[in-house]
Amino acid sequence: MLKIYNTLSKSMDEVAPIEEGIVKMYTCGPTVYRDAHIGNLRSYLMADWIRRILAAQGMSVTHIKNITDVGHMRQEMLERGEDKIIAAAIEEGKTPAEIAEFYTGRFRADEDKLHIQPAHEFPKATDHIQEMIEIVEKLEQKGYAYEVEGNVYFEVSRFPDYGKLSGNIHEAELLEAVRVDADPLKRDPRDFTLWKAAEPGRTVKWNSPWGEGFPGWHIECSAMSIKYLGEEFDIHTGGVDNIFPHHEGEIAQSEGFTGEPVVRSWVHGQHLLADGVKMAKSAGNSFIMSDLEAQGLDPMAFRYLCMTARYNTRLNFTFTSLRAAQRGLQRLKNRVWEWMMESEGSAVGGDAPDGGDMEEWGGRFLETVSSNLDMPGALALTWKMARSDLSASTKLALIERFDEVLGLDLLSVGDEYETSPEALEQLLRRARLRDMAEYDAADQIRAALEEVGYVVEDHARGSRIRPKANWEKMTEHRDVVSSAAEVPSLIESDSAYAATIGVVACNYLDDVKRVVTSALRWAGGRDVEAVVLDNGSTDSTGDWLDDLAARDSRVRVIHADHKLGEAAAKNIVIKQSLGRTVVMLDTSVEVAGDILQPIDSLLDGEDVGVVGPFGLRTDNLHHFHDGEGESGDMDAMQAYCFAFRREEVGQVGLMRESFRFYRNLDIDYSFHFKERGKRIVADQSIPIVQHEHRVWNELAEGERDEMSLKNYRRFLEKWGDRADLLVSSQRTGS
Ligand code: AMP
Ligand code: ZN
């Protein structure tokens, strides 16, 4: 019996189906105005494992996954009167329905690639407006809802159980959780929208007893779950971010409507993180399936990776860990392939799987996965079985059974490792040479086979040959990093150069060329190095940098396998620098003369921390302005050219990596120096020319504001009460 943590009962509950032998399960599905990111997919994998485990226990599972298309509006979007599907449609010149259909197709394809078994129904919100209206009407009749000017709200105070799922029981917590909004029509700020009146000009809307409008977000899941699964069903899944307000709202609506508990077990998956924070499109740290495939990685490696952590713990995604998962998967497949070869060879001898062993290992496997979805345990048991002394045919039969739950498609290895007769011939030749201890000749054959795309692996009972996987082909020439954490710090090492020119590059090859070549040209005969972090460029920037590094020994290039946050990227450069002075340059600038001489002479002042041409001042920390053609003491240095002595880093520390976007990061880092009593000094005569700042110019206005604001808040949280550090307060002599 599957036992799984129930967010509602707060205990480990057995899934004992309401209807004998049939489990009814509902999964909150995708919003289809964009691609699902791999964090979303992690939560669908969780539901898939639940379903497969129940099936392995002999139950029949009815699985419903809704498609949130245009009917849906998140609460905060509702308040802003914004619908992303409509916005996306307008932008792409398509109708909202076309957009939704397009992304639904992509979503289904992603699920297929991950071997997520398709739900039995994928009901669309827009096809169920009538069902939603019926529930809202009934809620109104029963006194749970009220109408104001064509809007209908759920009256939270009428439903005493509100808060039972999320534990947001106390009024203060609830208010906090709904982030007190400004809708003056609500009787109580905790009340949430069931139906919203259409604003003038809105095209996507429906008739209702309250006039033209559209549904609130939570109501679709009440309507579709009850329609397809009935007024009482077994399991409801989603990500933890769904607990409040979405599922809390769903419970209030569904139970207000039926008068009885509707869902038995609420199961919530923890988040997939990237760079340590929740993966989300708005955070700029999300990846989609094609990002993985672009690196030649197999979707099954992601499935394997998700199995290495329990569903209820956070999992930090990096490409390094994904590659490790890919290698783990490959090794497992190698084993399976060997068992196939061995049991094929012995099939004539009637070496059938051992019934007793099958029963024992099969039982242990089911017990493991049934214990709160212990997929890491299942993986460990799989490896234990692989390394055991069971016969090859027993192992093969067992892995076939395990894989019905794991879903890794391990048996496909037979086709995957199909090798040409010529290559096999060469492998045999190599084996004969090795038997005769002619290792050099044998190695030559191996090298020749690898050259044409094969991997030769030697193991205890002989050698194996298989086609090289895409990910192996794509990563063999480059040193790549996935995070700042994995890059060692050389900060404590002695300086090996007079200066380091540090650059973070992400696409815009022409700009990158301009800044790097001009800096190197003007360095003249000085003893400098250039450390360039290629921050996940997707154009030819990375290749150009590799070529440059091959030609010019002063240049070192580190490739990040995806776009790291700005502070993390800069920290890698700083950590890897070996110059006495570190000069960080933005890719929008060009060096137009000797910058090192003036920089070094300014930094000679013991109390000077940061220098550069473009300073910023402020009187109150809330508004920074350009140093307006001035040189002298500043409150911050702009990132265009930001220089400091490397030895200071030991004291001031690295940049704060919560700054994923560049804006205000330079100000924040300047304050690290100020806090240590160091001055920030601008010198306009440092020969730096500014060009178009393309990273900024290519952002949409809304994006700029949103990302800038986040960083500004971060800055103020830390430094908001440190007016004492400002030049202005020191001048007046406080
Ligand atoms: P959405 O398309 O935003 O409605 O999200 C679809 C599902 O993915 C929901 O169940 C979310 O709770 C879940 N989800 C969103 N972000 C993440 C994440 N970073 N990791 C895991 N699941 C997530
Ligand atoms: Zn839902």
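Atoms within each ligand, like the ligands themselves, are counted from 1 in listed order. Side chains included, hydrogens not; waters and symmetry mates left out as well; all remaining heavy atoms used.
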Enquirer: If you measure every N or O of Y44 against every N or O of ligand 1, does any of those distances drop under 3.5 Å?
Expert: no
Enquirer: Who pairs with F159 by ring pair (Phe, Tyr, Trp, His ring centres under 6.0 Å), at least two apart in sequence or on another chain?
Expert: none
Enquirer: Please list, in number order, the atoms of ligand 1 under 4.0 Å from a heavy atom of S43.
Expert: 7 (C), 8 (O), 10 (O), 13 (C), 22 (N)
Enquirer: Has ligand 1 got any nitrogen or oxygen that is less than 3.5 angstrom from a nitrogen or oxygen of G39?
Expert: yes
Enquirer: So for ligand 1, is V240 a polar contact partner (N or O within less than 3.5 Å, distance only)?
Expert: no
Enquirer: Determine whether a donor-acceptor pair (N or O, by modelled atom type, separation under 3.5 Å) exists between the side chain of Q326 and the backbone of D298.
Expert: yes
Enquirer: How are the rings of H268 and H247 set relative to one another: parallel (under 30°), tilted (30 to 60°) or perpendicular (over 60°)?
Expert: tilted
Enquirer: Are any of the side-chain heavy atoms of V204 and F214 separated by less than 4.5 Å?
Expert: no
Enquirer: Taking atom CD1 of I38 and atom CG of L305, what is their separation to the nearest 0.5 Å?
Expert: 8.0 Å
Enquirer: Does any N or O atom in Q270 lie less than 3.5 angstrom from one in ligand 1, N or O only?
Expert: no
Enquirer: Hey, which atoms in ligand 1 end up nearer than 4.0 Å to a heavy atom of T31?
Expert: 1 (P), 2 (O), 4 (O)
Enquirer: Looking only at non-hydrogen atoms, find the nearest pair between L373 and M46 and report the distance.
Expert: CD2-CG, 3.8 Å
Enquirer: Is the closest heavy atom of H37 to ligand 1 under 4.0 Å?
Expert: yes
Enquirer: For atom 5 (O) of ligand 1, which candidate among L45, N40, I38, V32 holds the nearest heavy atom?
Expert: N40
Enquirer: Is Q253 reaching over with its side chain to a backbone N or O of H218, donor-acceptor style, under 3.5 angstrom?
Expert: yes
Enquirer: Which atoms of ligand 1 sit under 4.0 Å from any heavy atom of G238?
Expert: 10 (O)
Enquirer: Could you tell me whether G239 and ligand 1 have an N or O pair separated by under 3.5 Å?
Expert: yes
Enquirer: Using a 4.0 Å cut-off to any heavy atom of N242, which atoms of ligand 1 qualify?
Expert: 9 (C), 10 (O), 11 (C), 12 (O)
Enquirer: Anything under 30° is parallel, anything over 60° is perpendicular, the rest tilted; go ahead and classify H562 against F319.
Expert: tilted
Enquirer: What do you reckon, does K281 put a non-hydrogen atom under 4.0 Å from ligand 1?
Expert: no
Enquirer: From atom 16 (N) of ligand 1, work out which of M46, K278, R42 has a heavy atom at the shortest distance.
Expert: K278
Enquirer: Does the ring centre of F302 sit less than 6.0 Å away from the ring centre of F287?
Expert: no
Enquirer: Between E232 and R264, is a salt bridge (Lys or Arg N to Asp or Glu O under 4.0 Å) present by the stated rule, with each step listed?
Expert: CA-CA 8 Å; E232 201 186 3; R264 288 231 174 142; 3.6 Å; yes
Enquirer: Ring of Y146, cation from R187 - is the NZ or CZ under 6.0 Å from the centre and inside 45° of the axis?
Expert: yes
Enquirer: May I ask you to list the protein N, O or S atoms found at less than 2.8 Å from the Zn ion (ligand 2)?
Expert: C28 SG, C221 SG, H246 NE2
Enquirer: Return the orientation label for the W195 and W210 ring planes: parallel under 30°, perpendicular over 60°, tilted otherwise.
Expert: tilted
Enquirer: Show the atoms of ligand 1 that are less than 4.0 angstrom away from any heavy atom in R34.
Expert: 2 (O), 3 (O)
Enquirer: Cation-pi check for F102 against K94: NZ or CZ below 6.0 Å from the six-membered ring centre and within 45 degrees of the axis, yes or no?
Expert: yes
